[in-house]
Amino acid sequence: MEYNFTEIENKWRVYWKENKSYHVEIDTKKPKFYVLDMFPYPSGAGLHVGHPLGYIASDIFARYKRLDGFNVLHPMGFDSFGLPAEQYAIETGQHPTKTTEVNIARYKSQLDNIGFCFDWDREVRTSDPSYYKWTQHIFSLLFEAWYNPNSNKAEPITSLIEKFSTTGYQQISTADWNSFSQKQQQDTLMQYRLAYQAESYVNWCEALGTVLANDEVVNGVSERGNHPVVRRLMTQWFLRITNYAERLLDGLDALQYPESLKEMQRNWIGKSVGAEIQFAINNEELADENKTIRIFTTRPDTIFGVSFMVMAPELDLIDTITTAEQQQAIAEYKKYVSSRSEIERMADKKISGCFTGAYAMHPFTKQEIPIWISEYVLAGYGTGAIMAVPAGDERDYKFAKHFNIAIPNIFEGVDIAENTCTDKNVTLCISDFLNGLKAKDAIHAAIKKIEAETIGTAKTMYKFRDAGFSRQRYWGEPFPIIHTNDGIAKLVKELPVQLPHAETYSHGPNGKGPLANLTEWVQTADGLRETDTMPGYAGSSWYYLRYADPNNENEFASREATDYWNQVDVYIGGAEHAVGHLLYSRMWCKVLFDLGKISFDEPYKKIINQGMIGGSSRFVYRVKDSNHFVSFGLKDNYVTNALHVDVNICDNLELDIEKFKEWRAEYTTATFELEDGKYICGTAFEKMSKSKYNVVNPDDIITKYGADTFRMYEMFLGPIELSKPWDTKGIEGVHRFLRKFWRLFYTDNGELKITSDAATNEELKTLHKHIKKITWDMEHFSFNTSIAQFMIVTNELAAMNCTKKEILEAVLITLAPFAPHITEELFHAIGNTTSILDAQFPKCNESYLVENTFLYPIAINGKARTEMEFAFDASAEAVQAEVLKNEIVQKWLEGREVKKFIFVKGKMINVVG
RNA sequence: GCGCCUGUGGUGAAAUUGGUAGACAUACCAGACUUAGGAUCUGGCGCCGAGAGGCAUGGGGGUUCGAGUCCCUCCAGGCGCACCA
């Protein structure tokens with residue numbers, strides 16, 4: 001009987017579905033294991049072969065854990081709010097609710113085709129009101145919480161109100177608080193809430209008609225669509241994620257994330273430790289006003305090297321301090337700066353600046369220091385002003401050279417005529433109380449002195465900003481917020497706030513989103529509804545919690561469920577979410593933990609980033625101004641244009657000419673010049689996309705080879721974290737393997753050849769070697785080498801003509817996570833009546849692997865020359881005597897004396913002569 | 001510019017603690033079976049060399065009895081950050 005994968009796979013798909021084989025419930029008798037995939041955005045294009053790579057790996061791992069005795073949670077859902085659905089709606093007039101529905105159905109059928117063990121009873125969709133009700137609920141918790149720096153955690157806002165009204169807090173005394181109007185009190189609280197509204201410069205994208213978070217802007221253009229992004233002052237919602245900077249940073253150490261991912265997060269948070277120092281402004285007119293410039297520096301040790309100050313051109317203080325003579329020049333420079341877009345500033349880093357005419361006073365030497373403004377100092381970082389130390393900072397150095405400002409050398413014995421010096425191991429000079437200290441030691445000494453003299457304080461700065469949480473779009477979660485007539489933002493208690501139906505999705509007035517057009521919805525008895533919607537990362541920041549208890553109507557998830565399923569043990573997904581999604585969901589987790597809603601403060605214990613599968617594009621070469629195509633090897637003889645051709649009409653590199661002629665009407669009359677009777681295409685590794693005609697649909701592969709082959713081939717391509725092009729060549733090898741595996745069980749005539757005879761020692765050894773290898777690979781996510789091992793064990797058992805049930809059944813179970821359909825079929829064929837899903841993963845019995853002898857490679861002077869077999873317990877002396885007698889050893893020693901004899905038991909022998 | 005990662009046959013790759021480099025596939029070559037082969041099976045397959053043997057893990061250097069693996073340095077490719085004071 002031939003291996004009929006289509007029949008087998010259809011049969012078991014139905015069986016698993018009807019028997020709810022993948023349904024899981026809390027079972028306190030079993031240890032739990034939570035394997036999660038980053039859920040997909042259900043786009044209209046459906047899945048291509050690149051998408052399932054991570055899903056296959058997690059599916060294999062989840063199945064393995066189940067066989068290994070764990071109660072495994074392995075859910076799937078859809079991140080179904082977002083821009084593309086809305087843009088598709090604008091283009092086609094179809095409502096996003098409808099298209100989302102259709103796309104999800106398509107995704108689910110494609111995923112089921114591959115044979116994933118998702119518990120669909122736990123499916124979540126972020127755009128479903130029963131889900132976003134709880135996204136809004138968690139937003140409400142964030143709104144009703146503040147970060148208490150003393151307890152170092154989030155607390156209900158009521159604890160802050162209590163502080164204000166009993167003891168006062170920070171700049172606000174009890175008396176102040178009590179004298180505030182309701183509006184003033186609410187405005188004050190808004191400055192502490194974890195979800196807050198504020199006016200701020202945001203990334204505004206005109207083309208998309210919305211603001212974007214920092215991680216959604218790349219090099220001054222939108223990540224999605226590459227549209228220009230400008231800074232714009234707008235009232236927006238934000239999450240106070242910066243309060244969690246230190247904990248987000250600290251938490252990384254204990255997590256099993258790829259090092260590169262941790263590095264990206266650290267980079268994004270951008271912690272720098274230093275001091276904030278005040279410089280008095282040495283200006284008679286301002287003397288009474290007590291004005292100072294506050295600067296941030298990581299190098300307070302270089303304070304005696306300051307020769308000028310620089311402020312960001314956007315700072316208000318500039319207008320106050322600029323002298324009459326410099327007014328004109330400063331105004332012109334500011335105009336120049338504001339004329340430059342973000343992109344221009346980044347592309348063209350020429351040195352520019354302008355002197356304000358004002359001077360600051362050095363806090364120690366009391367010398368006058370000129371104050372400049374320049375675009376190289378950013379308003380958004382630190383205090384927006386710096387003390388410039390050209391001797392110790394590259395940018396300051398270039399600026400000083402350019403404008404001919406003094407470069408005092410504060411480093412003993414260092415030549416700074418040509419270059420700045422950033423080495424912290426040099427000794428300081430002309431630095432008063434810091435003289436003789438190494439720079440790295442002087443940092444601490446300088447801060448101590450600065451604090452003692454009350455001219456500044458030690459300070460830690462973070463690069464990242466609070467996360468923008470508003471989008472001026474339709475297809476997202478509405479905020480549960482109503483703005484009362486006296487301008488107070490109030491939570492809506494009744495959730496969900498349903499996303500109202502809209503027929504059109506054009507912008508509202510004044511940069512507002514489409515919801516602003518729905519006046520009936522906006523106007524309520526209590527005031528006006530918030531018309532922004534939440535960003536894409538809102539729903540994905542907590543979905544892993546909802547899977548634990550997806551149908552709960554009273555809570556986002558019961559405590560019992562989140563306590564049991566707990567943290568995600570393994571989270572698999574792309575590295576592109578390293579700083580966005582992962583940081584946000586880590587923050588939400590910490591907030592929920594602080595507020596006592598869940599029992600852990602990190603969502604994901606371990607993360608694996610699967611590589612991207614790119615497309616392997618195919619090209620044909622058309623001779624210029626003709627319909628004549630020449631094969632790849634001949635193209636250099638002509639002037640040709642390379643044209644993308646659909647990979648699906650090529651057999652590897654060879655073009656199927658008939659299909660090509662049918663592909664496009666213009667090619668029906670095409671003529672060809674072949675090499676060896678074939679038309680060979682050119683290739684390139686590119687992103688898989690429709691426009692490059694290199695998209696391969698998993699459904700097609702599955703029709704041709706079956707899901708089991710597809711799953712195994714994706715794993716066989718290489719290590720899971722590596723990016724690689726999809727190339728269908730090679731899939732035959734994996735398919736051949738499955739057919740060969742089938743023939744271990746069945747004769748060519750379709751007779752089962754399994755026997756219940758006892759296995760030989762040799763067979764047992766082969767089996768247990770196999771179990772050991774597979775187990776190791778599983779625990780290390782080394783699935784490509786597992787496939788190799790399956791091929792090895794199959795080849796070995798076939799060579800032995802092994803038909804023992806004892807052996808084959810165990811191998812079958814080890815293969816089940818990879819190839820669930822064929823193994824389920826064979827498991828039943830050999831007499832089992834229960835599903836292989838509930839079998840037990842075999843354990844390696846080391847006693848079968850014990851060897852009495854070892855075949856040692858014998859090296860002479862490090863080069864392997866021969867092999868000799870010795871008993872494991874042979875003494876070193878006996879081995880040495882025997883080895884030295886050996887003819888080949890004698891020959892290679894060429895009569896030299898043995899200087900050294902290296903004997904590594906069970907490994908190798910090296911004779912040095 | 002800075003940080004992280006990766007460089008191994010024609011191709012995808014393996015080598016788990018420093019111990020026989022190239023497992024397992026694919027491509028290719030030769031052969032068997034066959035009406036047929038795009039089924040199946042057998043053998044070959046890093047490079048040079050007739051052979052003995054020599055040379056080989058991006059280049060160069062080092063540590064070691066022994067290096068793909070550790071250290072230094074340079075080169076190439078990928079990813080991230082990029083006026084962050």
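In what follows, chains carry the letters A, B, and so on, assigned in the order in which the sequence lines appear, proteins first and then strands, with residues in each chain numbered from 1.
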Output the single nucleotide from B:A85, B:G12, B:G3 whose closest atom is nearest the side chain of A:S272.
B:A85
Less than 3.5 Å between a donor and an acceptor, one on the side chain of A:E732 and one on the base of B:U26, is that the case here?
no
Using purine N1 to pyrimidine N3 plus N6-O4 or O6-N4 for Watson-Crick, or N1-O2 and O6-N3 for G-U wobble, both under 3.5 Å, which nucleotide pairs with B:A56?
none
Looking only at atom C1', what distance separates B:A27 and B:G12, rounded to whole Å?
11 Å
Could you give the CD-to-P distance, from A:E375 to B:A85, as a whole number of Å?
19 Å
Between B:G61 and B:U69 - P atom distance, rounded Å:
14 Å
C1' atoms of B:A30 and B:A67, separation to the nearest Å
38 Å
Roughly how far apart, to the nearest Å, are B:U6 and B:G18 at atom P?
16 Å
Suppose we call a contact any N or O donor and acceptor under 3.5 Å apart; does that hold for the side chain of A:K863 and the base of B:U20?
no
Among B:A25, B:C81, B:C41, which nucleotide sits nearest the side chain of A:M791?
B:A25
d(CG, A:N4; P, B:A39) in whole Å:
18 Å
Using heavy-atom distances to pick each residue's nearest nucleotide on RNA chain B, tell me which of A:K907 and A:A312 is more 5'.
A:K907
Looking at B:C5, I'd like to know if its phosphate oxygens (OP1 or OP2) sit under 4.0 Å from a side-chain N or O belonging to A:K262.
no
A:R266 vs A:L248 side-chain heavy atoms within contact, under 4.5 Å:
no
Determine the contact category for A:W726: base if any of its heavy atoms lies under 4.0 Å from a base atom, sugar-phosphate if only primed atoms, P, OP1 or OP2 are that close, otherwise nothing.
nothing
Establish, yes or no, whether a centroid distance under 6.0 Å links the rings of A:F903 and A:Y856.
yes
Nearest-neighbour nucleotide for the A:P719 side chain, B:G54, B:A85, B:A13 considered:
B:A13
Counting Watson-Crick and G-U wobble pairs only, both distances under 3.5 Å, name the nucleotide matched with B:G3, or none.
B:C79
Nearest whole Å is fine: how far is B:C24 P from A:L738 CG?
18 Å
With respect to the side chain of A:T298, which nucleotide from B:C65, B:A85, B:C81 is positioned closest?
B:A85
Assign A:L722 to base, sugar-phosphate, or nothing according to its heavy-atom contacts below 4.0 angstrom with the strands shown.
sugar-phosphate
Are any of A:S723's side-chain N or O atoms less than 4.0 Å away from OP1 or OP2 of B:G78?
no
Whole angstroms only, please: what is the OH-C1' distance between A:Y257 and B:G80?
18 Å
Write down the distance separating the P atoms in B:C24 and B:A15, rounded off to the nearest Å.
13 Å
Hunt down the Watson-Crick or G-U wobble partner of B:U16, both distances under 3.5 Å, from any strand shown, or write none.
none
Ignoring backbone atoms, test whether A:R743 places a side-chain nitrogen or oxygen under 4.0 Å from the OP1 or OP2 oxygen of B:C41.
yes
Whole-Å distance, A:N267 CG to B:C5 P, equals 14 Å
Suppose you measure atom C1' in B:G9 against the same atom in B:U63; what distance do you get, rounded to whole Å?
29 Å
Pairing partner of B:G49 (Watson-Crick or G-U wobble, both distances under 3.5 Å):
none
For atom P, what is the distance between B:A23 and B:A14, given to the nearest Å?
13 Å
Checking B:G19, B:C41, B:G54 against the side chain of A:K740 (C-beta onward), the nearest is B:C41
Which of B:A25, B:G19, B:A85 is nearest the side chain of A:L378? It is B:A85
Nucleotide B:C79, atom P - distance to CD of A:Q610 in whole Å
16 Å
Which atom names give the shortest non-hydrogen contact between A:L738 and A:A819, and what distance separates them?
CD2-CB, 4.3 Å
Out of B:U26, B:A14, B:C65, whichever nucleotide has its closest atom nearest the side chain of A:R736:
B:U26
Would you please indicate if the ring centroids of A:Y376 and A:F399 are separated by under 6.0 Å?
yes
Under 3.5 Å, is there a donor-acceptor pair between the A:T853 and A:E869 side chains?
yes
A:S272 versus A:Y381, closest heavy-atom pair with distance
OG-OH, 2.7 Å
Side chain to side chain donor-acceptor pair (under 3.5 Å), that's the test. Do A:K659 and A:N648 meet it? Break it down for me.
CA-CA 10 Å; A:K659 283 188 189 159; A:N648 297 297; over 6 Å; no
Return the nucleotide paired to B:G43: Watson-Crick means purine N1 to pyrimidine N3 with N6-O4 or O6-N4, wobble means G-U with N1-O2 and O6-N3, both under 3.5 Å.
B:C29
Counting only side-chain nitrogens and oxygens, does A:N784 get under 4.0 Å of the OP1 or OP2 atom of B:A14?
yes
How close or far is atom P of B:G78 from atom CG of A:L261, stated in whole angstroms?
21 Å
B:A13 versus B:U26 - spacing of their P atoms, nearest Å:
16 Å
Would you say the rings of A:Y333 and A:Y336 are close, in the sense that their centroids are separated by under 6.0 Å?
yes
Does A:K900 have a side-chain nitrogen or oxygen under 4.0 Å from the phosphate oxygens OP1 or OP2 of B:C65?
yes
Any salt bridge between A:K704 and A:D700, counting N to O under 4.0 Å?
no
Looking at every strand, decide which applies to A:R266 at a 4.0 Å heavy-atom threshold: base, sugar-phosphate, or nothing.
nothing
Between B:A14, B:C65, B:G54, which nucleotide gets closest to the side-chain atoms of A:T785?
B:A14
d(CH2, A:W268; C1', B:G3) in whole Å:
16 Å
Shortest side-chain distance from A:Y376, nucleotide among B:C83, B:G54, B:U16
B:C83
Between A:I386 and A:S260, whichever has its closest RNA chain B nucleotide further toward 5' is A:S260
Considering only B:A39, B:C24, B:A85, which nucleotide approaches the side chain of A:R739 most closely?
B:A39
